[in-house]
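Have a look at the structure below, then the notes.
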Amino acid sequence: MTLITKATRSFLLACIAALAVGGVSCFWFLHQIMDSEASDQLLHEKEQVEAYVNEIGFLPKRWFSISDSLWAVRTHPPVPIVMSDTVLFSTVQQEYLAYRQLSFGIATLNGYYQVNIRKALYETQGLKQALLWAFSGLTILLVGLLFFINYRLSRSLWKPFYRTLDTLQTFQLAQKEPLKFRRTSITEFQTLQANLQKLTNQLRQDYQSLKTFTENASHELQTPLAVIASNLEMLIQAPNLTDEQLERIGNLIEAVGNLSKMNHSLLLLTKIENGQFTDATDIAFSTLLSEKIDLWQPLIQDKSLQLRTQITPNVHLQMNAFLVDVLLNNLLGNALKHNQPNGSITIELTKTTLTISNTGPQPSIPVDQLWERFSKGSSRSDSVGLGLALVKQIADTYHFPISYHFQDGWHRVQISFNIS
């Protein structure tokens, strides 16, 4: 939900709540005022009757001069003053209508009477309903107008902020040019843009420094490692070496090989994290996977492994060609390296998933730690613990969900492709 939408919705909800409370309050006050007015009119007519009797001594013969709903009944004193509401059936309108009635006693020269004055309330109810509808219509119109003005004003005021966000989304660490924000007259947005400019410039400088250091360090390490490996290979061919010396030299050659492999993998991880493989092409994934399996076939046969494949044809992905090659090599190498003698490998490719399963011993560490760098599920000396970390980093780069499970002696790695 955008900021403008949330602010506008909050404003609308606040207006509706305020108007609901205000509308109910206004209707209640209007009801009280009109009821009070009806009672006051009845009391005023009572005073007129009492004034007439005090002056003449008799009840007036023409009641309509005072009220059109007034009658008197001879009774015995005393009669209390009673104000009450009632409903009567109207033969004209064929419905029950509301009335308010005032009863009181009065003494005349002809005797004591109970006088009743009645006033219709349904007329005020109609007026209240009309006022309520008028108030509701005016309120809806006012809220709609305020909503429109608030939305347009918010869009205008927050436009520099959204322009800044759009510019920020184009930022890449590898770009050489600094971000260029459109100028604004709002002080807060000027401060935001200045701080973002400073921050992104610092990030680009740090990235370039780290990139240069990583590349230089990797390059400088490869040369002495290659020299050490070459000298060790020459040394192992020297005559008169004992078995113990040959074993130690062999261990050194293996260690140097692992160190060189680790250096290469770490450099590749750093490049992937820094987003240096941004170019993507259409990869015939089904064809490439079949070709990779053919390349690994001699090693699979050498370890006497059973291979079962089910590859859906014409699966295409938009990825960097080099990263796809690294991904498949690490997945296939992992399934081969961590298998067991006379074990099995199953490879399944559908339009949306790639699943590679292999038999093997249970991992010696928790499954969720296998994706971490230098985490190894076995004690093999030829594993540097970076293969699955590379696979996870490549999958995360393309937002491909990846999972690992071990059950009943089977390791299963599955990658889901987000194909729209």
Side-chain angles (χ1 to χ4, degrees), residues 1-11 148-220 263-283 317-327 371-373 386 389-402 415-420:
M1 182 183 297
T2 63
L3 182 63
I4 291 179
T5 302
K6 190 167 185 178
T8 305
R9 189 182 68 172
S10 301
F11 172 77
F148 176 76
I149 294 174
N150 179 74
Y151 181 76
R152 298 293 296 182
L153 186 60
S154 296
R155 281 180 60 91
S156 177
L157 290 176
W158 285 95
K159 186 177 291 185
F161 175 76
Y162 286 104
R163 287 175 178 171
T164 302
L165 285 183
D166 292 338
T167 304
L168 192 61
Q169 288 177 349
T170 64
F171 173 72
Q172 294 181 355
L173 285 172
Q175 71 185 38
K176 297 181 179 180
E177 298 79 11
L179 289 179
K180 296 181 179 179
F181 298 104
R182 297 184 63 175
R183 299 185 63 181
T184 176
S185 59
I186 302 177
T187 304
E188 289 79 3
F189 292 154
Q190 290 176 353
T191 305
L192 174 65
Q193 291 178 354
N195 290 330
L196 287 175
Q197 187 80 56
K198 182 179 178 181
L199 177 62
T200 53
N201 288 340
Q202 186 63 44
L203 286 175
R204 288 190 304 106
Q205 293 176 6
D206 292 344
Y207 164 75
Q208 292 297 333
S209 300
L210 179 61
K211 178 183 176 184
T212 302
F213 170 78
T214 304
E215 293 175 349
N216 292 340
S218 176
H219 177 74
E220 295 299 327
N263 179 58
H264 176 74
S265 298
L266 286 174
L267 177 62
L268 182 57
L269 271 172
T270 303
K271 289 183 176 181
I272 296 174
E273 290 176 347
N274 292 339
Q276 294 181 233
F277 300 96
T278 56
D279 57 316
T281 57
D282 183 74
I283 303 295
L317 296 176
Q318 291 291 326
M319 295 180 64
N320 179 273
F322 176 74
L323 293 186
V324 174
D325 190 73
V326 173
L327 176 72
W371 304 114
E372 300 176 3
R373 300 181 185 185
L386 292 174
L390 276 170
V391 171
K392 182 69 164 60
Q393 189 64 51
I394 295 172
D396 290 345
T397 299
Y398 293 99
H399 306 289
F400 292 163
I402 185 170
I415 300 178
S416 302
F417 308 127
N418 293 328
I419 302 177
S420 58

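Since we're looking at a predicted model, the values are computed, not measured.
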*Begin from the C-alpha positions of V391 and I402 and carry the test side chain to side chain contact (heavy atoms under 4.5 Å, CB included) through to its verdict.*
CA-CA 9 Å; V391 171; I402 185 170; 3.4 Å; yes
*Side-chain contact test, heavy atoms from C-beta onward, threshold under 4.5 Å: evaluate it for F161 versus L192 and give yes or no.*
yes
*If you look at every heavy atom in L327 and I394, which pair is closest and at what distance?*
N-CD1, 4.0 Å
*How far does NZ of K392 sit from CD1 of I415, to the nearest 0.5 angstrom?*
10.5 Å
*L179 and L168, any side-chain heavy atoms less than 4.5 Å apart*: yes
*Taking all heavy atoms of S416 and all of F400, pick out the closest pair and write down the distance.*
O-CB, 3.3 Å
*asked:* To the closest 0.5 Å, what do you measure between OG1 (T164) and CD (Q169)?
replied: 11.5 Å
*asked:* Tell me every residue that passes side chain to side chain contact (heavy atoms under 4.5 Å, CB included) with Q205, counting only those two or more places apart in sequence or in another chain.
replied: Q202
*Any residue meeting side-chain hydrogen bond (donor to acceptor under 3.5 Å, both in side chains) with Q318, in chain and number order, not counting sequence neighbours*: D282
*When you measure from the side chain of Q193 to the backbone N and O of R182, does any donor-acceptor pair fall under 3.5 Å?*
yes
*Does T167 reach the main-chain N or O of R163 with its side chain, forming a donor-acceptor pair under 3.5 Å?*
yes
*Any donor and acceptor pair, going by atom type alone, linking the side chain of N320 with main-chain N or O of L323 inside 3.5 Å?*
yes
_Tell me the closest heavy-atom pair linking M319 and I283, and the distance in Å._
O-CG1, 3.7 Å
*Assess whether atom CZ of F148 is packed by more than 12 heavy atoms of other residues, nucleotides or ligands within 6.0 Å.*
no
_So which atom in F189 and which in L157 form the shortest heavy-atom distance, rounded to 0.1 Å?_
CE1-O, 3.3 Å
*Which atom pair, heavy atoms only, marks the closest approach of P178 to N201?*
CB-OD1, 3.4 Å
